[in-house]
Protein chains: 2
Amino acid sequence: MRGNVLDPNCPTRKVLDRVADKWSVLVLILLADGPLRFSQLKRQIGGISQKMLTQTLRKLERDGLVNRTVTPTVPITVEYSMTPLGRSLAGAVGAIRTWAETNFDHIVTAQQTYDTSAQAG
Amino acid sequence: MRGNVLDPNCPTRKVLDRVADKWSVLVLILLADGPLRFSQLKRQIGGISQKMLTQTLRKLERDGLVNRTVTPTVPITVEYSMTPLGRSLAGAVGAIRTWAETNFDHIVTAQQTYDTSAQAG
DNA sequence: CAGCATCCGCTATGATACTG
DNA sequence: CAGTATCATAGCGGATGCTG
């Protein structure tokens, strides 16, 4: 059996919603390179709030995409890493990242063209 | 020059926001298979409202990812198709779609495990 | 058919303060 | 360090009605 993202009742949609989340994408991108601690993630993802990072990590953990490892040091140490499932997704997500970083200038140009043409005013 | 999605001030982030939009992803998936009219898109994307579809298509058009072609029939006919830029993105998006549709059951299972383990109650 | 304008509730997100 | 809890708010997105 295979899901269908076009069906609003298909669980696939939920998955897509998760994947189609800005913060999730960024976390997956970072963890793809190796495990990171909470504060490291927060520092590297510009603009994310502590609340959103926690929320995102919980969701990813619940989905079985990310592992959460607690080391009872003082103060406590928590490390996040990819599960095999998460790693399998990371490839596709990485492609999005690469695309965004290499084509954003085309988009910016297209927007300027659009805004200054007939549509404007 | 290449962007950096981790920088909140980089335009790449805007691109990511667009890509990380549920409706945009679904529209791109459908248009990747060929041009479609407004009502066809609306019918095929379960759960989307007319407002959201219009909004999504405008954004995609502005970003230079989608072409909008008006044929002055009666009643009017509007066809949406992919631009080359959009097509280049569709590949990456398609990978996400495939992943979602093939792995959603793993995620559902992971969620159940998570919900019924120590985290619950 | 394709789309715009309006009203409006919901919830997603950010800011802030507190804990172990 | 790694969270949890609470509050306030912007804007997403649905429902409805109108147009060419």
Side-chain angles (χ1 to χ4, degrees), chain A residues 5-6 8-9 13-27 30-31 35-63 66-81 114 118-121, chain B residues 7-9 13-14 16-27 30-31 35-63 66-81 114 118-121:
Chain A
V5 289
L6 300 175
N9 297 320
R13 268 288 183 83
K14 302 271 184 191
V15 178
L16 203 67
D17 285 5
R18 181 69 24 80
V19 173
D21 176 59
K22 179 177 55 173
W23 299 131
S24 293
V25 168
L26 294 176
V27 168
L30 281 175
L31 291 184
L36 287 172
R37 305 210 341 232
F38 185 89
S39 53
Q40 292 177 314
L41 283 167
K42 176 139 173 37
R43 221 173 307 120
Q44 295 197 44
I45 303 177
I48 195 171
S49 68
Q50 180 267 352
K51 175 181 173 179
M52 278 299 97
L53 181 53
T54 299
Q55 214 171 90
T56 301
L57 288 168
R58 285 292 172 284
K59 288 178 184 173
L60 292 174
E61 187 193 359
R62 189 173 104 101
D63 288 349
V66 161
N67 280 320
R68 179 172 181 271
T69 312
V70 180
T71 310
T73 52
V74 180
I76 199 172
T77 302
V78 181
E79 190 182 74
Y80 292 92
S81 59
Y114 183 95
Q119 281 78 5
Chain B
D7 178 2
N9 297 320
R13 269 290 182 85
K14 302 272 185 191
L16 203 66
D17 285 4
R18 181 68 24 82
V19 172
D21 178 57
K22 179 177 54 172
W23 299 130
S24 293
V25 168
L26 294 176
V27 168
L30 280 174
L31 291 183
L36 288 172
R37 301 201 355 225
F38 185 89
S39 52
Q40 292 177 314
L41 283 167
K42 177 140 172 36
R43 221 173 307 120
Q44 295 197 44
I45 302 178
I48 195 171
S49 68
Q50 179 267 343
K51 176 182 173 179
M52 279 298 98
L53 181 54
T54 300
Q55 214 171 89
T56 302
L57 287 169
R58 286 293 170 283
K59 288 178 185 173
L60 292 175
E61 187 193 359
R62 190 173 104 100
D63 288 348
V66 161
N67 281 320
R68 180 171 180 272
T69 312
V70 181
T71 309
T73 53
V74 180
I76 198 173
T77 302
V78 181
E79 190 182 74
Y80 292 92
S81 59
Y114 182 95
Q119 281 78 6

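Note on naming: letters A, B, ... go to the chains in the order of the sequence lines (proteins, then strands), and numbering restarts at 1 for each one.
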Euclidean distance, atom CG of residue B/Leu26 to atom P of D/dG13 [Å, nearest integer] = 12 Å
Value in whole Å for how far the C1' atom of C/dG3 lies from CG of B/Leu57 | 11 Å
So, is A/Arg37 close to the D/dA2 phosphate, meaning a side-chain N or O under 4.0 Å from OP1 or OP2?
-> yes
Once you round it to whole Å, what is the distance between C1' of C/dC4 and CD1 of B/Ile76?
-> 13 Å
Inter-end axis angle, the helix from C/dC1-D/dG20 to C/dG20-D/dC1, with every axis fitted to five base pairs (rounded, 10 degrees) = 50°
So, do A/Leu26 and B/Arg13 sit near enough that their side-chain heavy atoms are less than 4.5 Å apart?
-> yes
Is any side-chain N or O of B/Arg58 closer than 4.0 Å to OP1 or OP2 of C/dC4?
-> yes
When you check the phosphate oxygens OP1 and OP2 of C/dG3, does a side-chain N or O of B/Tyr80 lie under 4.0 Å from one of them?
-> yes
Sequence neighbours excluded and cut-off under 3.5 Å, please list the side-chain donor-acceptor pairs for residues 36-50 of chain A, or say none.
{"from": "A/Gln40", "atom 1": "OE1", "to": "A/Arg37", "atom 2": "N", "distance (Å)": "2.7"}
{"from": "A/Lys42", "atom 1": "NZ", "to": "A/Ile48", "atom 2": "O", "distance (Å)": "3.3"}
{"from": "A/Ser49", "atom 1": "OG", "to": "A/Met52", "atom 2": "N", "distance (Å)": "3.2"}

Would you mind reading off the distance between B/Asp17 atom CG and C/dA12 atom C1', rounded to a whole angstrom?
-> 14 Å
Nearest whole angstrom, please: distance from the P of D/dG3 to the CD of A/Gln40.
-> 13 Å
Please state how far atom CD in B/Glu79 lies from atom P in C/dC1, giving the value in whole angstrom units.
-> 16 Å
Between B/Arg43 and C/dA2, does any side-chain N or O lie under 4.0 Å from OP1 or OP2?
-> no
Give a yes/no answer on whether the side chain of B/Ser39 brings an N or O atom under 4.0 Å of OP1 or OP2 in C/dA2.
-> yes
Would you call B/Asp21 and B/Asp17 a side-chain contact if the rule is heavy atoms closer than 4.5 Å?
-> no
May I ask you to decide if A/Tyr80's main-chain N or O and A/Arg68's side chain share a donor-acceptor pair within less than 3.5 Å?
-> no
Looking only at heavy atoms, which two atoms of B/Asn9 and B/Asp7 are closest? And how far apart?
-> N-OD1, 2.9 Å
Would you give the length of the straight line joining atom CG of A/Leu57 to atom NZ of A/Lys59, rounded to the nearest 0.5 angstrom?
-> 11.0 Å
Rounded to the nearest 0.5 Å, how far does OG1 of A/Thr56 lie from CD of A/Glu61?
-> 12.5 Å
How many Å lie between CZ on A/Arg18 and C1' on C/dA12, as a whole number?
-> 13 Å
Atom CG of A/Leu53 and atom C1' of C/dA12: how far apart are they, to the nearest Å?
-> 16 Å
Closest non-hydrogen atom pair between B/Ile76 and B/Thr71, with its separation | CG1-O, 3.7 Å
Heavy atoms under 4.0 Å is the rule here; annotate nucleotides 13-18 of chain C 5' to 3' with B where the base is hit, S where only the sugar-phosphate is, and - elsewhere.
-> BBB---
Minimum heavy-atom distance between B/Val19 and B/Val25, given as atom pair plus value | O-CG2, 3.1 Å
